[in-house]
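Notes follow once the structure below has been shown.
Sequence lines set the chain letters: A, B, ... in the order given, protein chains first and strands last, and positions in each chain run from 1.
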Protein chains: 2
Amino acid sequence: MKANPTAHDVARLAGVSQSAVSRAFTAGASVAPATRERILAAARELGYRPNAIARTLITRRSRIVGLVMSYLENQFYPLVIERLSQALQRNGYHVLLFICETAEADAVLADILQYQVDGIVMASTTLSSGLAQDCAEAGIPVVLFNRVAQLGTLGGFATSSVTSQNREGGRLVGEMLVRTGHRRVAWLAGLENASTSLDREAGLRDALAEAGMGLHARAVGRYDFAVAREAVLALFRDPADRPDALFAANDHMAIAALETLRSELGLSVPQDVSVVGFDNVPQAAWPSFALTTVQQDVDRMVEATRDLLFEQIHGEVMARSVTVPCALVERGTVQTRKRER
Amino acid sequence: MKANPTAHDVARLAGVSQSAVSRAFTAGASVAPATRERILAAARELGYRPNAIARTLITRRSRIVGLVMSYLENQFYPLVIERLSQALQRNGYHVLLFICETAEADAVLADILQYQVDGIVMASTTLSSGLAQDCAEAGIPVVLFNRVAQLGTLGGFATSSVTSQNREGGRLVGEMLVRTGHRRVAWLAGLENASTSLDREAGLRDALAEAGMGLHARAVGRYDFAVAREAVLALFRDPADRPDALFAANDHMAIAALETLRSELGLSVPQDVSVVGFDNVPQAAWPSFALTTVQQDVDRMVEATRDLLFEQIHGEVMARSVTVPCALVERGTVQTRKRER
DNA sequence: CTGAAAGCGCTTACAG
DNA sequence: CTGAAAGCGCTTACAG
């Protein structure tokens with residue numbers, strides 16, 4: 001038994017041409033049923049498996065999509081990996097995974113392109129205008145996941161993206177906070193130039209403005225646990241000027257805030273401060289946190305990503321941005337405040 | 001500018017043969033420095049990138065390793081993905097990711113093999129003896145991560161594996177629990193046939209036996225949050241016969257236990273029960289949990305996996321099992337008990 | 001150091 | 001329905 005039998009070996013055993021073997025393994029090719037049976041039997045006997053690499057070379061379709069991510073500690077992203085790779089697998093595609101900092105993204109992308117991926121999805125990273133252009137010229141669709149191209153940043157090359165309706169989500173939280181009587185709302189930003197953080201903040205500000213309010217305070221947590229902790233410490237340094245609500249750009253930072261508030265500042269949530277997050281990661285539902293948050297609909301986002309990818313792979317070349325509704329999930333970290341008057 | 005320039009296009013522009021272009025892009029090939037420069041300049045001008053697929057076809061080396069996982073909710077695995085893919089990237093390898101249930105692993109593996117991966121690492125899944133045989137015959141190294149082949153299960157085909165010293169880890173916990181005066185130790189198992197769960201339990205039992213004790217109770221949490229919750233409810237149903245310590249096969253279940261104990265059973269940890277986990281995931285350090293646990297040294301495990309993979313890819317074909325030390329991390333969920341006498 | 005040629009394992013017109 | 005042939009984009013002996 002040969003180590004790696006090829007279509008030729010199978011052909012010889014089945015007494016047909018190598019082309020026939022190829023046809024037996026391609027759906028919809030014209031082979032007589034009896035011939036196909038004979039070929040498949042021979043293939044089974046030899047342990048033959050078509051070589052996907054050779055097929056890729058000739059069809060120019062690898063059925064591989066590159067997935068670029070930067071950090072997995074925020075539980076939202078493992079979820080995305082899981083769902084996205086399953087959705088792609090169901091459609092006969094595979095994911096080549098790259099973990100890298102945004103700074104390394106360009107080098108990594110160059111690498112990906114060598115592997116002739118059919119598409120690229122970038123989550124928790126963005127690409128430079130140069131690479132966007134390269135991809136566009138190479139005809140490789142790129143979809144940004146949970147982020148949107150900065151205006152002008154991609155050098156005019158339209159790039160698809162899938163996001164939640166982040167501004168609406170931020171507004172939902174703002175309205176709820178106003179409705180429940182909060183007067184000193186603080187915002188814990190993610191990355192200063194991340195569209196998710198920017199849009200959620202804009203929505204929050206919209207809602208506050210409609211109630212004649214502004215942001216009481218603001219700090220930057222960089223979507224990082226330790227940085228968020230520092231930011232919270234700074235925000236609550238002055239006991240006389242304490243926020244009565246803290247809205248964090250994602251759950252990961254909201255949980256960091258919860259921990260810091262309780263265990264380091266001795267404050268009670270929601271009695272002393274209300275806390276709200278964004279994402280609805282699994283931990284948000286744990287009783288220790290019972291975090292009020294905005295749910296991102298991962299399944300719909302993943303579906304949209306897959307659809308966008310496929311419609312571009314299969315020729316309709318226009319880039320599109322899709323936006324998925326999100327919903328407020330009220331749990332236990334927000335308390336109605338009496339209006340001081 | 002051509003969409004996807006090939007080595008021929010570059011050759012034409014640089015006025016050399018296609019072979020020379022190939023040499024300019026392979027480290028250590030013999031090209032005159034001046035020629036190489038001219039070729040690289042031409043390549044840059046055309047935006048040429050060598051086609052990794054074509055290279056793979058001829059070198060029979062894809063520089064891709066398949067990573068098979070089943071679930072990512074347990075934060076330990078995202079960590080593994082992150083570290084492993086980075087370690088591999090640093091060595092010029094890439095990871096093709098597959099998420100699947102153990103039941104589907106065979107079909108998925110067949111798929112992976114078509115892509116001519118250079119190696120496979122299986123974390124949170126195992127493979128059947130049939131596939132193990134296929135991989136052995138195809139000369140594709142497989143390393144099991146955080147699990148060990150069941151005796152006899154792989155049909156005599158030796159498979160490499162990387163695990164912590166799970167039995168020692170279990171023993172460490174058992175000894176500590178005995179030393180701190182616990183008399184009614186319960187074990188929350190993961191999967192009944194998982195080597196990790198089995199070994200950790202065996203270590204625990206060793207330590208208890210040396211103190212003349214046995215397990216007070218035992219339940220199965222299947223490494224799942226919801227199942228672990230049910231198991232804890234069952235374990236603590238009878239107030240008169242309550243465990244004074246609960247050792248869970250991993251942190252994910254230990255946290256589920258903590259949440260259930262506190263919020264559903266109204267018990268205090270560690271005052272009413274001590275709780276210990278295994279892994280030392282990031283959340284274990286969060287103040288809300290301050291979980292005492294056994295640390296798995298992910299970095300050393302990842303290193304060992306990479307080394308095992310590479311030594312087998314590069315010809316030394318013996319499968320080996322490597323075992324990495326683990327250490328007790330004492331935080332706040334274990335309390336010293338007075339001996340009732 | 002360099003080029004011409006063979007070939008990796010397939011798919012796919014093109015004839016028959 | 002089937003086979004012979006060309007070719008996908010490279011690497012790598014083999015000569016020179």
Donor-acceptor contact below 3.5 Å, side chain [X] vs main chain [Y]:
X: B:Glu82; Y: A:Leu72; result: yes
X: A:Ser160; Y: A:Leu308; result: no
X: B:Asp118; Y: B:Ser62; result: yes

For this session: Please work out which of the three classes, parallel, tilted or perpendicular, describes the rings of A:Tyr77 and A:Tyr71, given edges at 30° and 60°.
Result: tilted
Taking the minimum atom-to-atom distance to the side chain of [X], which one of [options] wins?
X: A:Thr59; options: C:dT12, C:dC10, D:dT2; answer: C:dT12
X: A:Arg23; options: D:dG3, D:dT2, C:dC10; answer: D:dG3
X: A:Ala7; options: D:dT12, C:dC10, C:dT2; answer: C:dC10
X: A:Val16; options: D:dG3, D:dT11, C:dC10; answer: D:dG3
X: A:Leu57; options: C:dG9, C:dG3, D:dC10; answer: C:dG9
X: A:Ala54; options: D:dG9, C:dG9, C:dG3; answer: C:dG9

Seminar exercise, completed: Note: for B:Arg60 and B:Arg38 on DNA chain C, the residue whose nearest nucleotide lies more 5' is B:Arg38
What integer distance in Å separates [X]:[atom1] from [N]:[atom2]?
X: B:Gln114; N: C:dT11; atom1: CD; atom2: C1'; answer: 15 Å
X: B:Ile39; N: C:dT2; atom1: CD1; atom2: P; answer: 8 Å
X: A:Arg12; N: D:dG3; atom1: CZ; atom2: C1'; answer: 16 Å
X: B:Gln18; N: C:dA4; atom1: CD; atom2: P; answer: 11 Å
X: A:Ile53; N: C:dT11; atom1: CD1; atom2: P; answer: 13 Å
X: A:Glu37; N: D:dC1; atom1: CD; atom2: C1'; answer: 16 Å
X: A:Leu46; N: C:dG9; atom1: CG; atom2: P; answer: 14 Å
X: B:Arg55; N: C:dG9; atom1: CZ; atom2: P; answer: 18 Å

Exercise. Using a cut-off of 4.0 Å on non-hydrogen atoms, how would the nucleic acid contact of A:Thr56 be classed: base, sugar-phosphate, or nothing?
Worked result: nothing
Below 4.0 angstrom from OP1 or OP2 of [N], is there any side-chain N or O of [X]?
X: B:Thr35; N: C:dT2; answer: yes
X: B:Thr6; N: D:dG9; answer: no
X: B:Ser30; N: C:dC1; answer: yes
X: A:Tyr48; N: C:dC10; answer: yes

Exercise. Mind checking whether B:Val95 and B:Tyr93 have side chains closer than 4.5 Å, heavy atoms only?
Worked result: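 Answer no - side chains too far apart.
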Problem set entry | Side-chain H-bond candidate by donor/acceptor type, B:Thr56 with B:Gln116, under 3.5 Å | no
Exercise. Starting at the 5' end of DNA chain D and moving along, which residue's nearest nucleotide shows up first, A:Ile58 or B:His8?
Worked result: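 First, find each residue's nearest nucleotide; the 5'-ward one identifies A:Ile58.
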For this session: Using both distances under 3.5 Å as the test, list the Watson-Crick or G-U wobble partner of D:dA4, or none.
Result: none
Problem set entry | Base paired to C:dA13 (Watson-Crick or G-U; both N/O distances under 3.5 angstrom) | none
